[in-house]
Structure formats: structure tokens, C-alpha cells
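Letters A, B, ... mirror the listed sequences (proteins, then strands); counts begin at 1.
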There are 2 protein chains.
Amino acid sequence: MMIQDSKQRPRRTNNPQAMRAQILDVAADLFQRQGYNATSIQDVVREAATTGGALHHHFATKKALGLAVIAERVAPEVDETAVQPVATASSAAVGIRKVFNGVADTLERKRAVSGCPLNNLALELSLADPDFREAVNGVFDRWRSALSLRLHADRPEMDLSRAHDLATLIVASYSGAMAMAKASQSAEPLRACAVQLEQVLS
Amino acid sequence: MMIQDSKQRPRRTNNPQAMRAQILDVAADLFQRQGYNATSIQDVVREAATTGGALHHHFATKKALGLAVIAERVAPEVDETAVQPVATASSAAVGIRKVFNGVADTLERKRAVSGCPLNNLALELSLADPDFREAVNGVFDRWRSALSLRLHADRPEMDLSRAHDLATLIVASYSGAMAMAKASQSAEPLRACAVQLEQVLS
DNA sequence: TTATAAAAAGACCGGTTGTCCTGTTTTGTC
DNA sequence: GACAAAACAGGACAACCGGTCTTTTTATAA
């Protein structure tokens with residue numbers, strides 16, 4: 001029989017920020033791939049290689065974890081992949097084409113098309129809980145507003161309500177194209193929408 | 001103590017078609033309002049005022065129930081509210097406007113915007129199960145094909161790939177507008193897209 | 001009337017869910 | 001170095017999940 005050194009029990013290094021970030025990363029990934037309801041807390045615990053106690057310390061409830069994922073992972077990702085490229089491109093039309101085709105490229109590099117994280121959570125949770133709905137709606141709104149502003153900056157002659165409606169169409173077609181891409185497991189809907197939107201904006 | 005007539009126990013009338021239809025109706029409603037995973041089969045049993053045994057007799061598993069809901073409730077509903085109006089309208093543009101604004105009217109009459117049933121199930125189940133994905137994708141595809149055909153019939157000079165891409169944009173913007181409508185609990189995104197799409201089609 | 005199968009009822013099972021609770025270890029502060 | 005608070009471990013818990021099972025009731029056709 002082996003003699004175990006009882007003092008050499010598994011060491012623990014307290015690193016709350018890294019632990020919290022790790023949990024958020026894993027949860028964001030699982031929520032996107034499986035959905036919120038289909039992902040159990042234990043799934044997150046297992047994949048994050050932590051314990052229930054640690055998770056509960058950082059996020060008291062599953063809902064709190066979900067809201068944090070939206071605010072600290074989904075919203076920044078939307079901003080990074082969709083809002084900023086349009087803001088920094090030479091024109092709104094160019095930026096939008098880059099976003100659509102860029103996302104399509106990314107999807108084709110991956111095995112599975114798991115869709116837009118915002119869209120996924122939006123449809124699953126908007127009706128379930130007002131807090132979720134507000135969080136999701138805020139992300140949609142910031143995106144739409146940024147687009148609307150850019151469109152108006154490009155063409156000052158276009159009135160604001162027209163720019164707002166056009167921004168809505170662009171966000172909606174992106175969101176819908178991602179839904180179709182997920183259902184067909186193909187990036188083709190995104191490419192098709194990119195081509196047509198470019199005609200609209202020219 | 002009352003003497004109960006044991007022979008007068010709750011009567012049961014076998015009506016398999018009605019029972020099956022009732023279960024499908026309730027399941028379709030609950031799946032749309034709460035989502036597939038958030039709805040337990042007991043929820044369906046309770047709301048349909050039936051029993052677990054009866055439900056299991058008609059649908060062996062929850063997945064079978066889900067597939068039946070898509071094939072026998074969601075698909076016909078999409079056909080009725082989105083495909084046929086476009087097919088019978090005087091022009092594709094008119095039909096599309098009628099669909100968008102008609103759905104917007106309906107949403108505003110209701111209390112809550114629970115979104116497009118196809119979209120809801122598509123995002124929740126496409127990745128979870130290949131059978132679900134295929135069922136959902138089929139509905140999307142029939143809708144897109146019908147639109148594409150109508151666009152080409154309206155304007156024979158438009159080549160087929162352009163018609164297909166345009167149909168994709170229309171379906172995507174509908175789907176996405178419904179997602180935004182659900183998140184914002186407002187029909188406004190649908191109206192905005194209707195206006196912009198009409199400009200595209202004119 | 002009787003035979004037979006379909007339809008429906010309702011209890012039951014193992015497994016899993018999200019949450020909470022009680023300890024133990026680490027960290028920061030005086 | 002003492003001590004309080006934070007960070008983490010790990011299990012307890014009741015409630016519920018989807019699915020199976022057996023039994024009873026109903027409809028139908030010979």
C-alpha cells in the first residue's frame with residue numbers, strides 16, 4: 001500500500017479573475033453550441049475543470065451566469081465582429097460586405113455553423129425572462145444605432161428615418177441569414193445577402 | 001360520507017384524431033412560447049388535459065412530438081402566412097409587403113411577440129439533432145424556392161441566381177426582423193424591413 | 001354477444017436538474 | 001503572526017426530467 005503524503009493534497013491557486021473568465025468562456029461556448037436550456041451547470045463545471053462551489057461563488061444562479069455571458073462575452077463579440085468593422089471601413093457598404101463575407105469565411109473554416117450567439121440567446125430567452133430580453137435588446141439596439149449613424153454619415157442627404165430603417169434591414173438580414181446558415185449548415189445565405197445588400201446600398 | 005357511484009366514473013371518449021390534434025396544438029403553442037427544451041412533456045400533458053399514457057401512445061418520444069409539430073403545424077403555418085400570400089398576390093412586391101405588414105398587424109393585436117415558430121425551433125434544435133435540422137431546413141428551403149420562382153415569374157429578365165439571392169434576402173430579413181421584434185417586443189422592425197424591401201423590389 | 005386490438009390511464013423508474021450548505025484553504029490587512 | 005474575508009471544494013437535497021410499464025377502458029367487426 002502506498003503512503004500518501006496528506007500534506008501534498010491538490011494545491012489550489014486562488015485566481016478569481018482567471019476563474020471567472022474561464023467559466024464565462026466555457027459558458028459562452030456551450031450556450032452557443034447547445035443553447036442555454038440544453039446546457040446544465042454541471043456541463044459548465046466539467047468543461048471549465050472547476051467545481052460547483054467555485055461556480056456558485058462567482059455566479060449565484062444560472063440566470064446570473066447567462067446575463068454575465070451576454071454582457072461580457074456576447075455583446076463585445078458583436079461589437080468586435082459587426083459594429084467596429086463597419087465603423088472603420090471606407091464606406092458603410094464596404095464595411096457591411098466585409099462583415100458578411102468575413103463571417104461567411106469564418107463559418108466555412110469551422111466544422112459546424114453554430115449561428116450568431118446573440119441570435120441564439122435572443123430567441124431562446126427573450127420571452128422567458130424580462131432581464132434577458134432587455135440585455136439582448138440592448139445589444140441589438142446598439143448595433144442598429146451604430147449602423148444607422150454610419151449610413152447617415154456616408155450620405156447626409158438620406159434622412160434619419162430612412163437610415164434607421166435601412167440599418168434595421170441590414171441587422172435583420174444578418175440575423176436571419178445566420179439562422180438560415182445554421183439550418184442549412186452553409187454560409188451561402190450570408191453570401192447571397194451580402195450581394196443583394198450591396199446593390200441596395202449602391 | 002358521500003356514496004359515489006363507481007360506475008359513473010369519468011367517462012372517456014376515444015377520439016384518437018382529436019386527441020392527437022389537441023396534443024399537437026398545445027405542443028406547438030408551448031414550444032413557440034417557451035421553447036422546446038424549456039417545455040416538458042408534462043407541461044403538454046397538463047395543458048392538453050390528457051395523461052402521459054395518452055401522449056406516449058401517440059408520440060413515443062419528445063423528439064417524435066417535436067418533429068410532428070414541425071411537419072404538421074409549423075410548416076403549414078409558414079406556408080399559409082408567408083408562401084401563399086406571395087403566390088396569389090398581384091406581384092411579388094405587393095405580396096411581400098402584405099406578408100410583413102400583415103404579420104406586424106397580428107403581432108400588435110396580441111399581448112406578446114413570441115416570434116416566428118420556425119425561427120424559434122430552427123435556432124434551438126438545428127445543431128442538437130440532424131433530424132430536426134433537416135426538417136427545419138426543408139421548410140426554409142420551400143419558402144425560399146417559392147419566393148424565388150415568383151420573383152422570376154414577375155420579371156423574366158432577372159436571372160435565376162439573382163432571384164434566388166433576392167429570395168434569400170427576403171426570407172432572411174423576415175426571419176431576422178422577427179427575432180428583433182421578439183427581443184424588442186415590437187412590430188417595428190417588420191415595418192422597417194417592409195418599407196426597405198419594397199424599395200429594393202421596385 | 002364476443003373477440004380483438006387500439007386508445008387511454010396512471011403509476012413507476014433511474015437519472016439529472018439547479019440550488020444551497022457546510023467546511024477548508026488561500027489571501028490581504030493591521 | 002493573528003484574523004477576517006474572500007475563494008474554492010464537494011456533497012446534500014428536493015424537484016423534476018423523459019421514458020417505460022402494466023392495467024383498464026373503448027371501439028369495431030365478426
Listed by chain and number, what are the side chain to side chain donor-acceptor pair (under 3.5 Å) partners of A:Thr168, not counting sequence neighbours? A:Arg144
[X] [atom1] to [N] [atom2], straight-line distance once rounded to whole Å:
X       : N      : atom1 : atom2 : value
A:Leu55 : D:dG11 : CG    : P     : 16 Å
B:Gln22 : C:dA7  : CD    : P     : 17 Å
B:Asp43 : D:dC17 : CG    : P     : 6 Å
A:Leu65 : C:dT17 : CG    : P     : 15 Å
B:Asn15 : D:dT28 : CG    : C1'   : 15 Å
A:Asn14 : C:dT26 : CG    : P     : 8 Å
B:Arg46 : C:dA9  : CZ    : P     : 16 Å

Which residue pairs satisfy the ring-ring contact (aromatic ring centres under 6.0 Å, His included) criterion with at least one member in residues 89-117 of chain A, sequence neighbours excluded? A:Phe100-A:Tyr174
Sort and list the pairs that fulfil ring-ring contact (aromatic ring centres under 6.0 Å, His included) and have at least one residue in residues 42-82 of chain B, not counting sequence neighbours. none
Could you pull out all donor-acceptor pairs under 3.5 Å where a side-chain atom in residues 125-133 of chain B meets a protein atom, sequence neighbours excluded?
from	atom 1	to	atom 2	distance (Å)
B:Ser126	OG	B:Ala122	O	2.7
B:Asp129	OD1	B:Lys63	NZ	3.4
B:Asp129	OD1	B:Asp131	N	2.7
B:Asp129	OD2	B:Lys63	NZ	3.1
B:Asp131	OD2	B:Lys63	NZ	2.7
B:Arg133	NH1	A:Ala183	O	2.7

For D:dA9, does OP1 or OP2 lie under 4.0 Å from any side-chain N or O of A:Thr50? yes
Between the protein and nucleotides 18-20 of chain D, list the N/O to N/O atom pairs that are separated by less than 3.5 angstrom.
from	atom 1	to	atom 2	distance (Å)
D:dG18	OP1	B:Lys62	NZ	2.9
D:dG18	OP2	B:Ile41	N	3.0
D:dG19	OP2	B:Lys62	N	2.8

Show which side-chain atoms of residues 89-99 of chain A pair as donor or acceptor with protein atoms under 3.5 Å away, not counting sequence neighbours.
from	atom 1	to	atom 2	distance (Å)
A:Ser91	OG	A:Ala93	N	3.4
A:Ser91	OG	A:Val94	N	3.1
A:Arg97	NH1	A:Glu198	OE2	3.0

Please determine whether a side-chain nitrogen of the Lys or Arg among B:Asp105 and B:Arg109 lies less than 4.0 Å from a carboxylate oxygen of the Asp or Glu. no
Ion pair B:Arg162/B:Asp159, N-O distance below 4.0 Å: no
Name the closest nucleotide to the [X] side chain, picking from [options].
X       : options              : result
A:Ala54 : C:dA9, D:dA9, C:dA7  : D:dA9
A:Arg12 : C:dA9, D:dA7, D:dG10 : D:dA7
A:His57 : D:dA9, C:dA8, D:dA7  : D:dA7

